[in-house]
Amino acid sequence: MKRLITIAISLILAICVNAQLQGLHILGGELSNSAATSVDDIDEVLPRMKALGLNTVLVPVYWELMEPVEGQMDFTLVDRTIDVAREQELKIVPLWFGAWKNSMSCYAPAWFKRDVKRFPRAVTAERKPLEIASCFSDNVLQADLKAFSALMRHIAEKDPQREVAIMLQIENEIGMLESARDHSPLAEKAYRQPVPQALLKALGIKKQGTWSEVFGSDDYADEKFMAWHYACYVEHLAKAARQIHDMPLYVNAAMNSRGRKPGEYPSAGPLAHLADIWKAGAPTIDILAPDIYDTGFKSWASQYAMPLRPQNGVKIENRLFIPESRCCENSGVRALYVFGEHQALGFSPFAIDQASPKETESVTQAYALLKQMEKGDLLNGKSSWGFLFDQEDQERIIDDEGVVMTCRHYFTLPWDARATDGSVWPEGGAMLVRLGKYDYLLAGSGVVIDFKTRTEKQQSEQKKLGEDGFAEAGNSTFNVQRSTFNGKRLGLLSVDEVAIDNRGRMQYLRRHNGDQSHQGRHARISVGEWKILHIQLYEYE
């Protein structure tokens, strides 16, 4: 009976947390790592974040400052963060910088760092000790868990209804560096043990044996070993958190990019190729989240948008949340892309408090559009897409039940000199929502879309256009044999620039016709402009 009650409670908590996730739309920004280390820092930075248009701020909580003396907790910074956020009508996501931050144990307290015997370090295969606490040490876990649990109890007392603190990150970018796995004595003992049945079952593996017997002994096998043990460590913290205060929990990952191998990147973190292991080892964690700094933003994002994606025979569900992304002039259109394409939980440029106005302007503009788009029930149950274009990736074609949309970067149009002056194109991006048949909302910057029927698209002539937008002499068509046109066409009935009020109603601002739609050929938003367009089509023949 006790076990059944425990299971029932766990299911209820899971349902409640899932409902919390469904209601969240985090238009966020993460503070730089030292931005909340004093009361003065907090008092200065949070009002600035409000002015930038954020609705949520990701704020580090530093173990070394919270527990400077073992057993003595100081919640001054946590309290101030919650108080100022409440005054500013902001939400916060506390980031627990506990045993690990970017792999290293740099935010552990001095008393923890000095006592290497009690709190052992991970070591490389060459016996080199690292500034990384070993996850195989129960002393490390218990010290971390004690402080983390105290933090959760304090947040629950300070903000019991989750009016301010809405979500929590456990640790930060966990992973082994310099070596794919820990080779400390405690780790070696675990490595010689049989692979746990729970993991074998989760992966659909029938073979029994030690870690090397089941997975081999290369760096990627070692990474699986570490991923399981990191996940199990995190699960201890997650279960404690859930029992104290049932807010959504996530872990974040540094990417395995640029052709690096495990240990060259933070090995065994909550990476997409290890999602099945992490979900099995830390089932209480709601989200595995990518920190995206490298090129290929769309590819990284898609790896973490896992709506019941089968992996090794196991269904993996993971809603996309990007807690860290390089803060740059392209951040705004990237936010629009992930909300449109992946219905993301949230987006958050890193170190936004240190970014230049030129870099934060796009975030402010994009968040202003997104706040309008989410009002009322305008988007509920609607199909949506996201676009993100640059100089190399200029076009995407979407077939929406016979409406073929050719979506391109604005600089593919012939008349903007910035397209051909040799400079790097800023990214163009948007969120497109289908309101109904022949009825769309487009929110973004630097994009152009034309609309055709399928038959029209198949028969369309590819034209080389001059700077005035018309075919150049002698180049009206190429690689197309002229033939009689058959079928129906789509035309632009209207393209209206709109705002959306607090009740989700569209407020007409101006009609985009004539030159703004190239006489009915397309809908567009220039680079540097941020708009919402209401597009209505009609069919004719």
Side-chain angles (χ1 to χ4, degrees), residues 2-22 24 93 95-96 98-100 135-136 138 141-142 144-145 148-149 152 166-175 190 193-205 211 214-215 223-253 268-290 303-321 323 345:
K2 184 177 180 181
R3 176 174 173 77
L4 289 174
I5 292 172
T6 302
I7 293 171
I9 291 172
S10 298
L11 288 172
I12 291 169
L13 289 176
I15 291 168
C16 290
V17 169
N18 187 58
Q20 294 168 34
L21 288 174
Q22 292 302 319
L24 287 177
V93 175
L95 315 175
W96 175 237
W100 302 289
C135 70
F136 297 92
D138 189 60
L141 170 61
Q142 294 306 320
D144 193 1
L145 179 61
F148 178 73
S149 297
M152 291 303 301
I166 59 172
M167 192 174 178
L168 188 132
Q169 176 184 296
I170 298 181
E171 310 295 349
N172 186 83
E173 292 188 358
I174 287 174
Q193 298 300 310
V195 178
Q197 288 296 316
L199 178 59
L200 293 175
K201 183 178 180 181
L203 300 182
I205 296 175
W211 287 90
V214 173
F215 295 107
E223 184 179 40
K224 292 181 176 68
F225 166 75
M226 282 303 298
W228 171 254
H229 287 283
Y230 272 136
C232 290
Y233 181 107
V234 166
E235 177 66 5
H236 284 287
L237 274 66
K239 286 178 69 175
R242 189 57 47 77
Q243 292 169 3
I244 296 167
H245 199 40
D246 63 333
M247 66 168 58
L249 305 168
Y250 75 96
V251 285
N252 63 328
L271 293 155
H273 70 280
L274 301 170
D276 48 358
I277 297 176
W278 267 87
K279 290 287 187 177
T284 307
I285 290 294
D286 300 292
I287 291 176
L288 311 181
Q303 291 181 44
Y304 283 81
M306 306 175 188
L308 294 178
R309 174 186 299 174
Q311 186 164 326
N312 290 326
V314 179
K315 290 184 176 180
I316 304 293
E317 184 173 12
N318 195 72
R319 188 174 176 192
L320 179 62
F321 173 52
L345 172 65

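Summarising the geometry of I244 relative to S149, their closest heavy-atom pair is CD1-O, 3.7 Å, with the distance given to 0.1 Å. Looking at every heavy atom in both residues, M247 comes nearest to R242 through O-NH2, 3.3 Å. Annotation for P196 and W211: closest pair CD-CZ2, 3.6 Å, computed over non-hydrogen atoms. Looking at every heavy atom in both residues, Q169 comes nearest to V93 through N-CG1, 4.4 Å. Here the closest non-hydrogen pair linking E171 and N252 is O-OD1, 3.9 Å. Closest non-hydrogen pair, A227 versus L274, comes out as CB-CD1, 4.0 Å.
Under the 30°/60° scheme for interplanar angles, the aromatic rings of W96 and F148 are found to be tilted.
Considering CG of L199 and CG of D276, their distance stands at 8.0 Å, rounded to 0.5 Å. Distance check: L249 CG to I170 CD1 gives 5.0 Å after rounding to the nearest 0.5 Å. Rounding to the nearest 0.5 angstrom, the gap separating the CG atom in L320 from the OH atom in Y304 is 10.5 Å.
No side-chain donor-acceptor contact under 3.5 Å links D144 and W100.
At least one donor-acceptor pair under 3.5 Å links the side chain of N318 to the backbone N or O of L288. In this structure, W278 contributes its side chain and A272 its backbone to no donor-acceptor pair below 3.5 Å.
Using a 4.5 Å cut-off on side-chain heavy atoms (C-beta onward), D286 and M167 make no contact. At a threshold of 4.5 Å between non-hydrogen side-chain atoms, the residues P323 and F321 count as touching.
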Stepwise ring-ring contact (aromatic ring centres under 6.0 Å, His included) check, F225 with H229: CA-CA 7 Å; F225 166 75; H229 287 283; 4.8 Å; yes
Candidate pair W228 and V195, rule side chain to side chain contact (heavy atoms under 4.5 Å, CB included), full reasoning: CA-CA 10 Å; W228 171 254; V195 178; over 6 Å; no
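The side-chain contact (heavy atoms from CB on, under 4.5 Å) test with T284 is passed by exactly one of K239, Q243, H236: K239. Of the candidates Q303, E223, K224, E223 is the only one forming a side-chain hydrogen bond (donor to acceptor under 3.5 Å, both in side chains) with H273.
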